[in-house]
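First the proteins, then the strands, lettered A, B, ... as listed; each starts at 1.
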There are 2 protein chains.
Amino acid sequence: MPIRSPASRTGRPRSATADAAILAATRAALVELGWSKLTLGDVATRAGVAKTTLYRRWAGKNELVVDAVAELFDELELPDSGSLAADIEGVVLQFAAILARPEAKSGLMAVVTEATRDDALRSRIRASVVDRQKRLVVEGRSRAQERGELPPETDPAAASRTEDLIFDMVAGAVVHRTLVSGEPVDEEWVRGFTLVLLRGLAGETAHPAAG
Amino acid sequence: MPIRSPASRTGRPRSATADAAILAATRAALVELGWSKLTLGDVATRAGVAKTTLYRRWAGKNELVVDAVAELFDELELPDSGSLAADIEGVVLQFAAILARPEAKSGLMAVVTEATRDDALRSRIRASVVDRQKRLVVEGRSRAQERGELPPETDPAAASRTEDLIFDMVAGAVVHRTLVSGEPVDEEWVRGFTLVLLRGLAGETAHPAAG
DNA sequence: GGCATTACGCTACGACTCGTAGCGAAAGCC
DNA sequence: GGCTTTCGCTACGAGTCGTAGCGTAATGCC
């Protein structure tokens, strides 16, 4: 979401097509140039707008890229496949497909890096990207508990911690595999990952390795 | 490792103290300014060397920061606690402690981001940071198999895949927890994570993808 | 239609960083 | 001393930043 104008109903309205063009141009520039060489002047030229228009709507490079990348996650949906394993595999493959795109790789990780020193930026990322992913975890887990595939958790604090843990394990593994290891998240990998995760969460099918 | 001079035995040798000062100054600048606002001129001033000296030794900002951050991982060691769970918890806590430092957060993630468009940089990161972490996974797993805590794996290809999976799950979860979720990797979290991971791995067969 | 208000495109600007070149001096090996 | 390489310093063109100013375009209100 760009910078809000002061709630005025009068005057010339902002061009909606310009917004879309700017965000698309930002993604194109991310693909071609990457984060560090991306300049706002270049984005403005690609989008066919003036550089000043860009600065009127976004505070800077960080906020612009967050919005441009966030749109990529609009398509993320929880499949209703009836089995928890299939649900997880479906979500992971969707997430990996988005993350495999170069504009997602360079853009998303760059703003996450910047967010380590900028709380407002972190909130922006959380609201427009992370929470959307996390909702899939919460809903998928809830469905699995209804089906008896996962043990129920009555304590809300413990349930919240478990949700956080699952989220960090799923998203973290996919991101690390893609960006650090530089290997593809293909179906074979997803099957292995899902197997380990599910066995670990179910807690019944295998005995904990205690000595 | 800085740019090598052309194997010359003669002439004035490079100052070793300058190297150390530059890397320390880089970390200090990362803490104070973060990645995006870090400039090589500023680092040179902090280190008490000329900017040109910096450019003679490192190709650019990326390579310099990789070296500066890599030194942080020198202390990483595999504890010999006798139990796999304790080994994992120890390694994870060590890794998390390093990653919690601001120079590691902003520096490491930034160069990983840049590495998405630079294969040479990716190799550099792999050699000086990632492989060192991964060796802990390989060795810890090997020990656990000798103790019977994890099932052995005869097929070397499958074993390699499993190692990759474990590595991505461990490192990915810690990184995601620290950077994206922004929550601390404390002992409580580590215990929960280790429990899930170990239960998931305990039933591992030689061909987890078969089905 | 006329008016107020806001967004837009364009130009220009000082400040900053970049990466490099050139110079004289310093610090080693023979 | 002579040779070689590094070092500190200065200076430079090129590029980007974020902003200001101006005239114009597009809307709501009367």
Side-chain angles (χ1 to χ4, degrees), chain A residues 1-26 29-30 32-65 67 110-111 114 117-118 120-121, chain B residues 1-26 29-30 32-65 106 110-111 114 117-118 120-121:
Chain A
M1 305 259 271
I3 299 175
R4 298 192 172 283
S5 47
S8 62
R9 301 183 169 276
T10 172
R12 175 177 177 175
R14 283 191 177 167
S15 162
T17 43
D19 259 18
I22 290 171
L23 293 177
T26 303
L30 276 176
E32 250 182 68
L33 307 171
W35 163 264
S36 59
K37 293 185 179 175
L38 179 149
T39 70
L40 293 196
D42 181 66
V43 170
T45 305
R46 287 171 189 261
V49 302
K51 191 173 63 163
T52 44
T53 298
L54 241 160
Y55 279 101
R56 288 188 190 105
R57 303 195 184 192
W58 283 277
K61 191 169 160 177
N62 291 336
E63 289 77 7
L64 172 63
V65 171
D67 288 1
V111 293
E114 292 296 309
R117 328 199 85 256
D118 184 339
L121 186 62
Chain B
M1 304 258 271
I3 298 175
R4 298 195 172 281
S5 48
S8 62
R9 302 168 183 275
T10 173
R12 174 178 178 174
R14 282 191 178 168
S15 162
T17 42
D19 259 18
I22 290 171
L23 293 178
T26 303
L30 276 176
E32 251 181 67
L33 308 172
W35 163 264
S36 58
K37 293 185 179 176
L38 181 148
T39 71
L40 294 195
D42 180 66
V43 170
T45 305
R46 288 171 190 262
V49 302
K51 190 175 65 163
T52 44
T53 298
L54 240 160
Y55 278 102
R56 289 188 189 105
R57 303 193 184 195
W58 282 276
K61 192 169 161 177
N62 292 337
E63 289 77 8
L64 173 64
V65 171
S106 44
V111 292
E114 292 296 309
R117 328 199 85 255
D118 184 340
L121 186 63

With sequence neighbours left out, write down each residue that passes side chain to side chain donor-acceptor pair (under 3.5 Å) with [X], or none if nothing qualifies.
{"X": "A:T45", "value": "none"}
{"X": "A:W35", "value": "none"}
{"X": "B:T53", "value": "none"}

Test salt bridge (charged side-chain N to carboxylate O under 4.0 Å, His left out) applied to B:D118 - qualifying residues, sequence neighbours left out: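 Expected list: none.
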Take A:D19 and A:R14 through the test side-chain contact (heavy atoms from CB on, under 4.5 Å) and record every step on the way to the result. CA-CA 9 Å; A:D19 259 18; A:R14 283 191 177 167; 5.9 Å; no
Gap separating the CH2 atom of A:W58 from the CD1 atom of A:I22, nearest 0.5 angstrom: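 Between A:W58 CH2 and A:I22 CD1, I get 4.5 Å after rounding to 0.5 Å.
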B:L40 side, atom CG; B:K51 side, atom NZ - distance, nearest 0.5 Å: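 Between atom CG of B:L40 and atom NZ of B:K51 there are 8.0 Å.
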Starting at atom [atom1] of [X], determine the distance to atom [atom2] of [N], rounded to an integer number of angstrom.
{"X": "A:E63", "N": "D:dC17", "atom1": "CD", "atom2": "P", "result": "14 Å"}
{"X": "B:K37", "N": "D:dC17", "atom1": "NZ", "atom2": "P", "result": "14 Å"}
{"X": "A:L33", "N": "D:dG15", "atom1": "CG", "atom2": "C1'", "result": "14 Å"}
{"X": "A:Y55", "N": "D:dG18", "atom1": "OH", "atom2": "P", "result": "4 Å"}
{"X": "B:R14", "N": "D:dT5", "atom1": "CZ", "atom2": "C1'", "result": "10 Å"}
{"X": "A:N62", "N": "D:dC17", "atom1": "CG", "atom2": "C1'", "result": "14 Å"}
{"X": "A:W58", "N": "D:dG18", "atom1": "CH2", "atom2": "P", "result": "15 Å"}

Start at the 5' end of DNA chain D and walk down; is the nucleotide closest to A:R56 or to B:S15 reached first?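 Of the two residues, B:S15 wins.
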Between B:R56 and B:T52, is there a side-chain heavy-atom distance shorter than 4.5 Å?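 A side-chain contact under 4.5 Å exists here.
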Of residues 40-53 of chain A, the positions that come close to DNA chain C - non-hydrogen atoms, cut-off under 4.0 Å: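 Only A:G48, A:V49, A:A50, A:T52, A:T53 qualify.
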In residues 16-26 of chain A, which residues come under 4.0 Å of DNA chain C by heavy atom?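 Correct list: empty, so none.
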Base, backbone or nothing for each nucleotide of nucleotides 25-30 of chain C, written B, S, -, heavy atoms under 4.0 angstrom, 5' to 3'? -BBBS-
Just to verify, what does [X] make a side chain to side chain contact (heavy atoms under 4.5 Å, CB included) with, not counting sequence neighbours?
{"X": "B:A25", "result": "B:V43, B:R46, B:A47"}
{"X": "A:T17", "result": "A:S15"}
{"X": "B:T39", "result": "B:D42"}

